[in-house]
S.K.: 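Attaching a single structure in structure tokens format; questions to follow.
A quick note: this is a predicted structure, and the numbers were derived from the prediction, not measured. The figures here come from the full heavy-atom set of this structure, side chains too, leaving out hydrogens, waters and symmetry mates. Chain letters run A, B, ... following the sequence lines, proteins first and then strands; every chain starts at 1.
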Amino acid sequence: MSEWRKLPLSLTELCIDTTLRCGQSFRWQKINDEWNCVLHGRLLSLKQDESFLHYKVAWPKSSPTSRKSAVSPKEMGDVDIQQGDDTEALIRHYFSLKHDLAALYDQWSESDTNFKKKAPKFTGIRILSQDAWETLVAFICSSNNNISRISQMVHKLCLHYGPLIGHIGDEAFHDFPSPQALTGKKVEAHLRELGFGYRAKYIAETALIVSNTKPEGWLESLTNPENPGWAPVSIPVRDEPITYKKAHEELLLLTGVGPKVADCVCLMGLGWNEAVPVDTHVWQIAQRDYRFGKTKTKTFSKAMYDSVGDHFRQIWGPQAGWAQSVLFTANLKSFSEKAGAVSKSVDIKVEVKAETESEPSFIVRHSRKRRTTAIVEQVKVENDEHSDVKITGRKRRKTRR
DNA sequence: GCCGCACCTAATCA
DNA sequence: ATGATTAGGTGCG
């Protein structure tokens, strides 16, 4: 393993402790004070202080034969002499360091008072630029699931199907398996045994589709050209230039990929910064803090999904996905000061809005020209979350009914 | 297009 | 203690 190297970086620009735990990547392991993960064929260790990100690398002794595409021959060839340079570039790419995070926080705070209020306690949260295939599979695992179990599942995928890269102590570290590695006949049954549940089928089928029915580099061809990926893959030429909408749409054709998973892949794996994955948490945030009302129906329709994303893109602009991840993290139980310290929102009564309030309501437009169903009504919320009541003492509790 | 339901699993809640 | 609910949803009818 190389010696420690360092990169000047403030905690405001990047906080790895938050960014690596907030449900973007499920593969980093914290051992003592160091974060470890295999990235593009090498074992990377990170630690951070106020002014620097420290890193070191370990390459496998013999090149892994199981995954040629993971590491280019060129990289493997001269790692001995220039691994340091290459790895710094990888880190800058992985953490999307080309974007000025402080400037973005300022911008979002200016256009959104709720963001301005929540963000100061959650600085340094960035969107990672992860491998598209890994992001796709990890988020197929995420449906109806929690971070802890998703992490276990992803770990099992690497352990059983990914190339071994190195050890830390007696712990083995594997890279993420290629699509081809997951196309075996017994993969679905095996994954079920490993506790993947109904997601076993989604993963096996998606691996088959990507590996056998799509041209080489198809997934990568959905990448935002402004934010190219790391791995040097040759990308098939497209008829039309790729757009966020098009990438999203193509991902939906895969098994186990709905709008939410597609947006996770767009945002964290394909460089589409405007993608806003709307999950149960983000829906809660939209209802509690952005005047989306409660709905009569139990399930969340595609129209509602699009409506929430569009609203946030309107407020936060072309990097809406980045802003979303900050509020998302602020809303995660595991990140609130103490479990239960987060006040619950007041129960909102929703009646179909009778009065024409000054506030616009959210209207869902059908794909054609008719504006029809008002699915999401704005609602008057007296949200003391937003009031200027100051509570200095201990946990505050909201009024319950 | 919308809606409700089943789906694997494990932890947490009432 | 045990059933319901929740956890970063999706496919199907």
S.K.: Distances under 3.5 Å between protein N/O atoms and the N/O atoms of nucleotides 9-12 of chain B, please, pair by pair.
M.R.:
residue: B/dT9; atom: O4'; partner: A/Arg149; partner atom: NH1; Å: 3.3
residue: B/dT9; atom: O2; partner: A/Arg149; partner atom: NH2; Å: 3.3

S.K.: Would you kindly compare A/Tyr202 and A/Met268 by the position of their nearest DNA chain C nucleotide and give the one closer to the 5′ end?
M.R.: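 Nearest nucleotide further toward 5': that of A/Met268.
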S.K.: Suppose the criterion is side-chain hydrogen bond (donor to acceptor under 3.5 Å, both in side chains): which pairs have a residue in residues 145-157 of chain A, not counting sequence neighbours?
M.R.: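 Found A/Asn145-A/Arg149.
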S.K.: Would you mind telling me which of C/dA7, B/dC2, B/dG4 lies closest to the side-chain atoms of A/Ser301?
M.R.: B/dC2
S.K.: To the nearest angstrom, how far is A/Phe300 atom CZ from B/dC3 atom C1'?
M.R.: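 Result: 14 Å.
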S.K.: Quickly work out the A/Lys298 NZ to B/dA6 C1' distance and round it to whole Å.
M.R.: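 The distance from NZ of A/Lys298 to C1' of B/dA6 comes to 14 Å, rounded to the nearest Å.
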S.K.: Do the ring centers of A/Phe176 and A/Tyr161 come within less than 6.0 Å of each other?
M.R.: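 Aromatic pair excluded; centres sit 6.0 Å or further apart.
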S.K.: What pairs meet the side-chain hydrogen bond (donor to acceptor under 3.5 Å, both in side chains) rule with one or both residues in residues 253-264 of chain A, with sequence neighbours excluded?
M.R.: A/Glu205-A/Thr255, A/Tyr244-A/Asp263, A/His248-A/Asp263, A/Asp263-A/Tyr305
S.K.: Tell me: NZ of A/Lys260 to P of C/dA7, nearest whole Å?
M.R.: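 Atom NZ in A/Lys260 sits about 13 Å away from atom P in C/dA7.
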S.K.: For B/dC5 and C/dA4, measure between their P atoms and round to the nearest Å.
M.R.: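 Rounded to whole Å, the distance is 15 Å.
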S.K.: CG of A/Leu267 versus P of C/dG8: gap in Å, rounded?
M.R.: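 So the CG-P distance, A/Leu267 to C/dG8, works out to 17 Å.
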S.K.: For the side chain of A/Tyr198 and the base of C/dG9, is some donor closer than 3.5 Å to an acceptor across the two?
M.R.: yes
S.K.: Expressed as a whole number of angstroms, how long is the span from A/Gln152:CD to C/dA7:P?
M.R.: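 After rounding, the reported distance stands at 18 Å.
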S.K.: To the nearest Å, give me how far apart CZ (A/Phe139) and P (C/dG9) are.
M.R.: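 Those two atoms, CZ and P, are 11 Å apart.
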S.K.: Would you say A/His40 and A/Asp175 are linked by a side-chain donor-acceptor pair, where the criterion is simply a distance under 3.5 Å?
M.R.: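 No - no donor-acceptor pair under 3.5 Å links their side chains.
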S.K.: So, OP1 or OP2 of C/dG8: does either fall under 4.0 Å of a side-chain N or O from A/Thr280?
M.R.: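 So the side chain of A/Thr280 is outside the cut-off, no N or O lying under 4.0 Å from OP1 or OP2 of C/dG8.
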S.K.: A/Trp283 has an atom CH2; how far is it from atom C1' of C/dA7, in whole Å?
M.R.: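 Distance, rounded to whole Å: 19 Å.
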S.K.: Work out how far the P atom of C/dT5 is from that of B/dG4, and round it to whole angstrom.
M.R.: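 One P to the other, the span is 16 Å.
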S.K.: Measure the distance from CD1 on A/Ile203 to P on B/dC8 and round it to the nearest whole Å.
M.R.: 13 Å
S.K.: Across all strands shown, which nucleotide pairs with B/dT12 by Watson-Crick or G-U wobble geometry, both distances under 3.5 Å?
M.R.: C/dA4
S.K.: Which is true for A/Gln24 with a 4.0 Å heavy-atom rule: it touches a base, it touches only sugar-phosphate, or it touches nothing?
M.R.: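 Base contact - A/Gln24 has a heavy atom under 4.0 Å of at least one base atom.
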